[in-house]
Amino acid sequence: MSIIKACIFDLDGVIVDTAVYHYKAWKRLANELGFDLTVDENEKLKGVSRMRSLELMLQWGGITKTPEEQEALAAKKNAWYVEMISHMTPDEILPGAKEFVIACREAGLKTALGSASKNSGTILDKVGITGLFDAIIDGNKVSKPKPDPEVFLVAAEELNIAPADCVVFEDAIAGVEAAKNGGMKAVGIGSPEVLNEADLVVSGLDKMSLEKLYTL
Ligand code: B16
Ligand code: MG
């Protein structure tokens with residue numbers, strides 16, 4: 001039996017909702033390239049890395065670009081996205097997220113961020129919660145995309161906690177799979193039908209508690 005010693009949080013969809021900004025920036029790029037991006041297609045980009053997201057988008061638009069052109073397009077999208085997130089405020093923290101991270105810390109648990117985003121530093125800074133994490137592992141530190149467990153394993157290593165004693169909070173199917181692949185517990189944030197591999201699913205961190213955590 002494992003005793004939970006650390007909580008690792010995905011960023012987008014768990015702590016904040018930046019999907020709307022990603023969507024606006026990708027849609028603007030798609031429109032420039034002569035096609036549109038639907039809300040449903042955007043769903044498929046959640047938790048997916050920037051370059052992989054671009055690949056998928058170009059595929060949907062039926063467009064081929066050289067690797068150099070792809071780099072330039074991704075940089076363009078990112079510049080628009082960074083401009084939007086530079087206006088984020090603490091009000092954009094999802095309900096109950098900050099409170100739950102604080103409760104974990106007060107209970108003596110370690111906390112870490114495990115995100116695919118290369119912009120996590122800016123986001124945490126803008127919403128004012130950088131100091132709530134003992135380790136911050138993001139797309140700048142790791143390169144293997146979820147469902148590879150790299151991001152969570154590096155977080156556990158930095159916290160000096162065995163993977164089996166860690167719980168991951170994730171909103172993406174690939175993220176839940178990544179946690180499981182790393183030998184960790186997973187709490188899904190979203191719907192149980194979608195995140196059926198998780199050990200527990202709640203609609204948001206406002207529905208999470210230390211009591212529920214200790215039942216895992
Ligand atoms: P960036 P997460 C992910 O964040 C987003 O869900 C995904 O839509 C985005 O493409 C990815 O980060 C990379 O973000 O372009 O900022 O490096 O859910 O892993 O926190
Ligand atoms: Mg996410």
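Indexing begins at 1, ligand by ligand and atom by atom, following the structure's order. Please read all numbers here as calculations on a predicted model, not as lab measurements.
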Polar proximity ligand 1 side, N119 side, N/O cut 3.5 Å exclusive = yes

Mark yes or no for whether E170, through its side chain, and D10, through its backbone, hold a donor-acceptor pair below 3.5 Å.
-> no

For atom 8 (O) of ligand 1, the closest protein heavy atom turns out to be L45 O, 3.1 Å

Number the atoms of ligand 1 from 1 as they appear, then name those within less than 4.0 Å of a heavy atom of S53, with their elements.
-> 10 (O)

If only atom types and distance count, is the side chain of R105 paired as donor or acceptor with the main-chain N or O of T111 below 3.5 Å?
-> no

Considering only heavy atoms, which of I85, V16, D10, V48 lies nearest to atom 7 (C) of ligand 1?
-> V48

contact_flag G13 ligand 1 heavy-atom lt 4.0 Å = no

Atom 4 (O) of ligand 1: which protein heavy atom is closest, and how many Å away?
-> D12 CB, 3.6 Å

N181 side chain to P147 backbone, donor-acceptor under 3.5 Å = yes

Would you mind checking if E92 and K126 are paired as a salt bridge, meaning a charged N to carboxylate O distance below 4.0 Å?
-> no

Side chains of K46 and H22: is there a donor and an acceptor less than 3.5 Å apart?
-> no

Any nitrogen or oxygen of W26, main chain or side chain, under 3.5 Å from a nitrogen or oxygen of ligand 1?
-> no

Between E177 and K180, is there a side-chain N and carboxylate O pair less than 4.0 Å apart?
-> no

Output all residues satisfying side chain to side chain donor-acceptor pair (under 3.5 Å) with N31, sequence neighbours left out; order by chain, then residue number.
-> none

Protein N, O or S atoms at less than 2.8 Å from the Mg ion (ligand 2), how many?
-> 3

Minimum-distance protein heavy atom relative to atom 17 (O) of ligand 1 | K118 N, 2.6 Å

Checking L11, N119, V16 against L124 for side-chain contact (heavy atoms from CB on, under 4.5 Å), the one that qualifies is L11

Under 30°, 30 to 60°, or over 60°: which ring-plane class applies to F100 and F9, parallel, tilted or perpendicular?
-> perpendicular

Flag if over 12 foreign heavy atoms under 6.0 Å of NZ, K212 = yes

Y81 heavy atoms within 4.0 Å reach ligand 1 at atoms 16 (O)

Below 3.5 angstrom, do we get any N/O pair linking N78 and ligand 1?
-> no

Just jot down the ligand 1 atoms closer than 4.0 angstrom to any heavy atom of K146, in number order.
-> 19 (O)

Going by distance only, is there an N or O of G47 that falls short of 3.5 Å from an N or O of ligand 1?
-> yes

At a 4.0 Å threshold, what atoms of ligand 1 neighbour a non-hydrogen atom of L11?
-> 20 (O)

Kindly say whether A186 contributes a backbone atom to a donor-acceptor pair with the side chain of D199 at under 3.5 angstrom?
-> yes

Tell me which protein heavy atom sits closest to atom 19 (O) of ligand 1, plus the residue, atom name and distance to 0.1 Å.
-> A116 N, 2.8 Å

Closest approach of any protein heavy atom to atom 15 (O) of ligand 1, naming residue and atom = R50 NE, 2.8 Å

From CD (E83) to CG (N78), nearest 0.5 Å | 12.0 Å

Among all protein heavy atoms, pick the one closest to atom 20 (O) of ligand 1 and tell me residue, atom and distance.
-> S115 OG, 2.7 Å

Main-chain N/O of K118 paired to D138 side chain as donor or acceptor, under 3.5 Å = no

Using a cut-off of 6.0 Å, state whether more than 12 heavy atoms not belonging to K110 lie near its atom NZ.
-> no

Tell me which protein heavy atom sits closest to atom 14 (O) of ligand 1, plus the residue, atom name and distance to 0.1 Å.
-> S117 CA, 3.4 Å

